Amino acid sequence: MPGDAALLSVEGLSKRYPTGDLALDDVDLQVPAGQVMALIGPSGAGKSTLIRCVNRLVEPSAGRVRLEGEEITGLGATALRRARRRMGMIFQEYALVERLTVMENVLSGRLGYTGFWASWFRRFPRRDVEQAFRLLDRVGLAHMADKRADALSGGQRQRVGILRALMQDPALLLVDEPTASLDPRTSRQIMRLLVELCEERGLAAIINIHDVALARDFARRIVGLRAGRIVFDGPPEALDAEVLTRIYGEEDWSRALRRPEEEDAEEAATAA
Amino acid sequence: MSATAFDPAAAARAWRPPALIGDARLRWAIYAGALLYAALALGSVEVNWTRAAEGLERGARFLAGFFPPDFVSKREEILDGLLESLTMTVVATALGIVLSVPVALGAARNLAPLPVYLFCRGIIAVSRTFQEIIIAIVFVAMLGFGPLAGMLTLAFATIGFLGKLLAEDIEDMQAEQAEAIRATGAGWFQLLAWAVLPQVRPRLIGLSAYRLDINFRESAVLGLVGAGGIGDTLNTAFDRYEFDTAAAVLIVIVAIVLACEYTSGWIRRAVQ
Amino acid sequence: MAVTCGPDGIPQWRRRTPRGDLLAWAGWLGAVALTMLCFHYISERTIWAFVWDAPAQGADLVSRMFPPRWSYAAQLWRPLWDTINIATLGTALAVLLGVPVAFLAAHNTTPSRALLRPAALFVIVASRSINSLIWALVLVIVLGPGMLAGILAIALRSIGFIAKLLYEAIEEIDPTQVEAVEATGAGRAQVLAWGIAPQVLPAFAGISVFRWDINIREATVLGLVGAGGIGMQLQASINVLAWPQVTMIFLLILVTVLVSEWVSARVRHAVI
């Protein structure tokens, strides 16, 4: 229900690209504080557009987005930048600035809080640098601080990408296909890390993901998007063949839904 | 958390923003050297400020002399120079292409034996080292004033330009294709026609179009040393203080260069 | 390629359709005819007696040019130093002016597509289409002879070159890295410094050094129109037909250009 308790509230959001494609069609969505939500759907369903409309990397055509009661749509450039600090974004291809060091990439999360010249000369407040080291240590990358970002492996890069978003001191994480470029094991590690960090800090997250199994294992709520409309919204347990068909179209889903019991138990402990 | 106690505060105190040049002493030496050079170089520019000040006023008068451009009173000369430039460009480019192909073949290490390779690389080096103007001086001294000297200059410069780029292209071509053709029992010339030419043809056409463009630009200055073309007209106009005609010539040159650039861009896109 | 049916009903393979054949032949014929026509035009303006005499003239010239007048080198160090300074200071000035132009011209960084982008593109085209020697010719008239005219001529010609290559590099950067920096709430200037600058830095360094290398060559002849550097000595020596001195100058230019090319190649290799 669209209570005032919702951290993020999206109402009647539509996006039509100049090419004429309708990527989002009258989407309503509420995310309460601290909720990790997975957004699933076929390619081209508008998942990416939806989270980019939230922080207005993509300008919505119609509708309203509110974060912590503040209306994001309709903010001027300066106010939008201030609002973006509360929304950390994590990207599919990591989107680290490759030629900067790990530390610089993590610190770039503080750009919204730092003046231009201070950031130009890399003069960040001591507590920011300390915080960055604490986070790097948390994910086991403290010794890599002065390595260039392009020297890292995929999993390491995505960790740095997550830390950059956390440095913003956000209330909400917008996560765009965090595991699409990673191998299965690293994918699970990254997802686990994301969920843990969200719990530690009470962050809400919208995670775009095309891997239904990962979504079901790690998210507490699943939203299915198809052709720009929400066609499913419920707990992971409610995902069945009928729902998957509604989201993705006709296919024999029985095999995709059957999973070993012990793994279920292990993951349930983490995700709960 | 971590096994060895990691102290983020200490790490933050020790952290320094990464510098472009790692070694501090080398960095300061380079800065100091650059500063010293800048001081010396700027010092060597003897600017007579009183003369520059009066020069500005004089310059303003000269610049006023450029307006309005006079296309009419020296129409004959301008058209003449233009035609000469264009003919020089066409012949030089054609001749240059014809001559540069064997040079390029000789300068490709994967096709030519060492002595031929060195000889052809030598031609390319001489042609690329000297400015067109210097080559033109030598040709004018040998052949007398006129467009023939200019045409040969441009053709010579074209050999260096096309020869080098084409040779690199031939060296980069896929050896498998050449091997496959050789395996059919083809002779050396058949190898060229069936394996080398198809691979380098788009680039040959593209580079030739680009060089046509360059040759016209260059033909506009060769007149300064008596090697014909529209530069002759320009130089004469300056010598006679007919700045309005000079302005007209400059405008014509810019217009034709634009047309050339547009055409050569179009040709290069067409062969891609 | 075309396969047609012969009169006997057997399919015949030909490289092109008959129409394509005709067009190809017409194209070649046209090109050859145009070249011949242009050559005819040039030959009419050539005193062939001089040309037939060229081998003798050439041999005579060579005999007069050798041996070089080694002692003349002592008088050349200062002009050579000036030449290098013209090229270096001119390049530096062009970099200073060309970088903002490039950012205005690149479609992903320009603040205004309607006004500033076309203006920047016009600056680039105007600067590129006029040879530095012609710029020098005009500037010598306005500012009087000397190094200043040379430096400005080099700078004016190089702005367009640097800006064009740089704005192409800017347009090719990875947009998601820029998006990621924007998503942190960074301001415009910070996005430029953190998201775009690190990506184009290697290209920028390469382009600048490449142009410096070209400018060394160009600066050697600026003196022919009075814009300072070793070209002044060249002009003076040619005027008095002091060919051994000319040879000495040529040798010095050759060495300088080879050294600058080596330096430029080393630097470009180091930054990539």
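Chain letters run A, B, ... following the sequence lines, proteins first, then strands; residues in each count from 1. Just so we're clear, the structure is a prediction, and the values are computed from it rather than from any experiment.
- Taking the ring pair (Phe, Tyr, Trp, His ring centres under 6.0 Å) definition, one finds that C/Phe210 meets it with C/Phe161, sequence neighbours left out.
- Looking only at heavy-atom pairs under 4.5 Å with chain C, the residue among A/Leu96, A/Thr78, A/Asn55 that has the most is A/Leu96.
- No other option in A/Arg82, A/Arg52, A/Met167 has as many heavy-atom pairs under 4.5 Å with chain C as A/Arg52.
- A side-chain donor from one of A/Gln131 and A/Arg134 sits under 3.5 Å from a side-chain acceptor of the other.
- Put simply, of A/Glu104, A/Met87, A/Met89, the one with the most heavy-atom pairs under 4.5 Å next to chain C is A/Glu104.
- With a 4.5 Å cut-off on non-hydrogen atoms, A/Phe91 touches chain C through its side chain but not through its backbone.
- In this structure, C/Thr110 contributes its side chain and C/Ala106 its backbone to no donor-acceptor pair below 3.5 Å.
- Every pair tested for side chain to side chain donor-acceptor pair (under 3.5 Å) that includes a residue from residues 160-175 of chain A fails, sequence neighbours excluded, so the list is empty.
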